[in-house]
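Some notes on the structure that comes next.
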There are 2 protein chains.
Amino acid sequence: MFELDVRSRKPIYEQLMDNIKELIMTGVLTTDAKLPSVRMLSKELTVNPNTIQKAYRELEREGYLYSANRKGYFVAPVDWIKPDEKLNELKPQFQQLIQEAIYLGLTKEQLVEWFEETTKGGNVDDSR
Amino acid sequence: MFELDVRSRKPIYEQLMDNIKELIMTGVLTTDAKLPSVRMLSKELTVNPNTIQKAYRELEREGYLYSANRKGYFVAPVDWIKPDEKLNELKPQFQQLIQEAIYLGLTKEQLVEWFEETTKGGNVDDSR
DNA sequence: ATATCTGTATTATTTATATTAATACAGATA
DNA sequence: TATCTGTATTAATATAAATAATACAGATAT
């Protein structure tokens with residue numbers, strides 16, 4: 001279910017966050033879906049419980065998850081993320097990447113193509 | 001000339017690399033332009049010389065700079081970077097960002113708009 | 001030629017952070 | 001009531017970034 005690389009420069013908890021975000025964004029995990037408990041996932045991935053918790057708590061802070069009174073962690077509704085704010089945070093990252101890509105020869109057409117590959121591949125859940 | 005934030009999570013040498021890349025990509029620094037010496041920049045930024053050298057050497061490895069026999073570091077021609085390979089490395093980064101942005105409501109039109117803002121703002125040097 | 005600039009290299013130390021480890025508490029659930 | 005859950009705390013370990021202090025040798029300008 002999750003792909004972690006302990007040799008990567010990127011911290012395990014961040015890799016975990018990316019993995020979970022992707023499951024949410026592709027619609028595999030929908031609103032109110034329950035995530036594996038800290039301890040279970042810890043055993044499954046042979047990673048320390050604290051590391052799992054750090055990822056969960058961070059995702060909660062960002063609005064992707066919520067935790068209910070010792071019942072577990074669950075997927076939060078999209079609008080808890082404050083999508084507009086988040087998009088504005090993403091913009092400079094995009095523009096830095098775009099600038100570098102343009103320098104390397106990226107055309108507008110190719111960028112649009114990449115956009116459409118993404119929409120085609122991922123099954124977005126409209127009911128959310 | 002350079003903007004560094006010692007409190008950032010991103011290492012100083014990586015911030016320096018980003019800064020230099022941007023100067024190259026916006027055409028402020030063109031092919032064969034000389035960069036400040038390791039020691040000078042070290043003093044100017046009050047950063048350890050080794051940190052500067054790490055940034056320079058890494059940019060050399062990536063093909064953005066070259067160093068000539070104790071004469072200094074200089075901007076390399078674009079094609080030393082192997083643009084096609086680099087673009088392929090950039091693609092997955094783009095798609096991850098695009099996927100998240102789509103989840104947050106990004107439209108194709110907005111992405112194209114961001115692309116055009118980038119081309120308009122930066123003065124790309126065609127003579128390269 | 002000589003002082004001074006350049007990159008290059010090496011070794012040690014400090015600092016920050018990620019990760020693991022070992023526990024403990026208290027509410028939720030079966 | 002036993003066992004699940006999240007939450008919290010403290011300590012130890014590992015890794016990497018950054019600083020520090022030097023040294024060597026080629027390039028350059030005076």
Side-chain angles (χ1 to χ4, degrees), chain A residues 1-21 24 29 31-76 80, chain B residues 1-21 24 29 31-76 80:
Chain A
M1 194 173 187
F2 297 102
E3 290 176 17
L4 301 181
D5 176 12
V6 290
R7 283 160 304 151
S8 166
R9 271 210 344 162
K10 179 172 265 189
I12 296 175
Y13 79 93
E14 282 189 11
Q15 293 181 51
L16 234 183
M17 289 174 64
D18 288 343
N19 271 291
I20 294 170
K21 272 189 187 178
I24 295 176
L29 292 177
T31 302
D32 295 324
K34 189 181 190 312
L35 275 83
S37 82
V38 171
R39 288 174 178 80
M40 271 189 53
L41 194 53
S42 161
K43 277 183 185 167
E44 188 181 327
L45 303 177
T46 57
V47 160
N48 193 277
N50 296 350
T51 307
I52 309 287
Q53 203 193 349
K54 184 166 188 177
Y56 279 0
R57 223 188 313 186
E58 193 59 23
L59 285 173
E60 186 184 18
R61 199 186 60 77
E62 291 188 20
Y64 286 90
L65 302 181
Y66 67 90
S67 75
N69 253 352
R70 287 142 222 260
K71 287 179 190 168
Y73 277 94
F74 303 87
V75 176
W80 285 22
Chain B
M1 195 175 187
F2 298 102
E3 291 176 17
L4 301 182
D5 176 12
V6 290
R7 284 160 303 149
S8 165
R9 272 211 342 164
K10 179 171 264 188
I12 296 175
Y13 80 93
E14 282 188 13
Q15 294 181 50
L16 234 183
M17 289 174 64
D18 288 343
N19 271 291
I20 295 170
K21 273 188 186 178
I24 295 176
L29 292 176
T31 303
D32 294 325
K34 190 181 189 312
L35 275 82
S37 81
V38 171
R39 288 176 180 78
M40 270 188 54
L41 194 52
S42 161
K43 278 183 187 169
E44 187 181 329
L45 302 178
T46 55
V47 161
N48 195 276
N50 295 351
T51 306
I52 309 288
Q53 202 193 350
K54 186 167 187 177
Y56 278 0
R57 224 191 309 187
E58 193 59 23
L59 284 172
E60 185 184 20
R61 201 186 59 76
E62 291 187 20
Y64 287 90
L65 302 180
Y66 67 91
S67 75
N69 251 354
R70 287 143 222 264
K71 286 179 189 167
Y73 277 93
F74 303 87
V75 176
W80 285 21

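We use all heavy atoms of the structure for the numbers below, so side chains are in, but hydrogens, waters and symmetry mates are not. Numbers restart at 1 for each chain; the letters A, B, ... are given by sequence-line order, proteins then strands.
Counting to the nearest Å, the P atom of dC5(C) and the NZ atom of Lys34(B) are 12 Å from each other. Residue Ile52(B) contributes atom CD1, which lies 14 Å from atom C1' of dA17(D) at whole-angstrom precision. The nearest whole Å value for the distance from the OH atom in Tyr56(B) to the C1' atom in dT6(C) is 12 Å. Taking atom CD on Gln53(B) and atom P on dC5(C), their separation rounds to 18 Å, with Å as the unit. Note: NZ (Lys43(A)) to P (dT3(D)) measures 12 Å, nearest angstrom.
Residues from residues 57-71 of chain B with heavy atoms under 4.0 angstrom of DNA chain D, sorted by number: Asn69(B), Arg70(B), Lys71(B).
Listed by chain and number, the residues in a ring-ring contact (aromatic ring centres under 6.0 Å, His included) with Phe74(A) are Tyr66(A) (sequence neighbours excluded). Scored by the side chain to side chain donor-acceptor pair (under 3.5 Å) test, Thr51(B) finds no partners at all (sequence neighbours excluded). Checked against salt bridge (Lys or Arg N to Asp or Glu O under 4.0 Å), Lys10(A) has the following partners two or more places apart in sequence or in another chain: Asp18(A).
Here the closest non-hydrogen pair linking Lys71(A) and Lys34(A) is O-CE, 3.5 Å. The shortest heavy-atom contact between Ala76(B) and Gly63(B) is CB-O, 3.4 Å. The minimum heavy-atom distance between Val38(A) and Pro49(A), with the atom names listed, is CG1-O, 3.5 Å. Tyr56(A) and Pro36(A) make their closest contact through OH-O, 2.8 Å (heavy atoms, listed as atom of the first residue, atom of the second, distance).
Contact check on Glu58(B) versus Arg61(B) returns a salt bridge, with a Lys/Arg side-chain nitrogen under 4.0 Å from an Asp/Glu carboxylate oxygen.
Among the heavy atoms of the strands lying under 4.0 Å from Tyr73(A) are primed sugar atoms or P, OP1, OP2 only; no base atom is included.
Taken to the nearest 0.5 Å, the CG atom of Leu29(B) stands 9.0 Å off from the CG atom of Leu65(B). Atom CD of Glu3(B) and atom OG of Ser8(B) lie 12.5 Å apart (nearest 0.5 Å). For the atom pair CG of Leu59(B) and CG of Leu16(B), the computed distance is 8.5 Å after rounding to the nearest 0.5 Å.
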Parsed dot-bracket for DNA chain C after applying the Watson-Crick and G-U rules with both distances under 3.5 Å and | for other-strand partners is ||||||||||||||||||||||||||||||
Contact string for nucleotides 16-24 of chain C, one letter per nucleotide 5' to 3', B = base within protein heavy-atom range under 4.0 Å, S = sugar-phosphate only, - = neither, reads --SSBBB-B
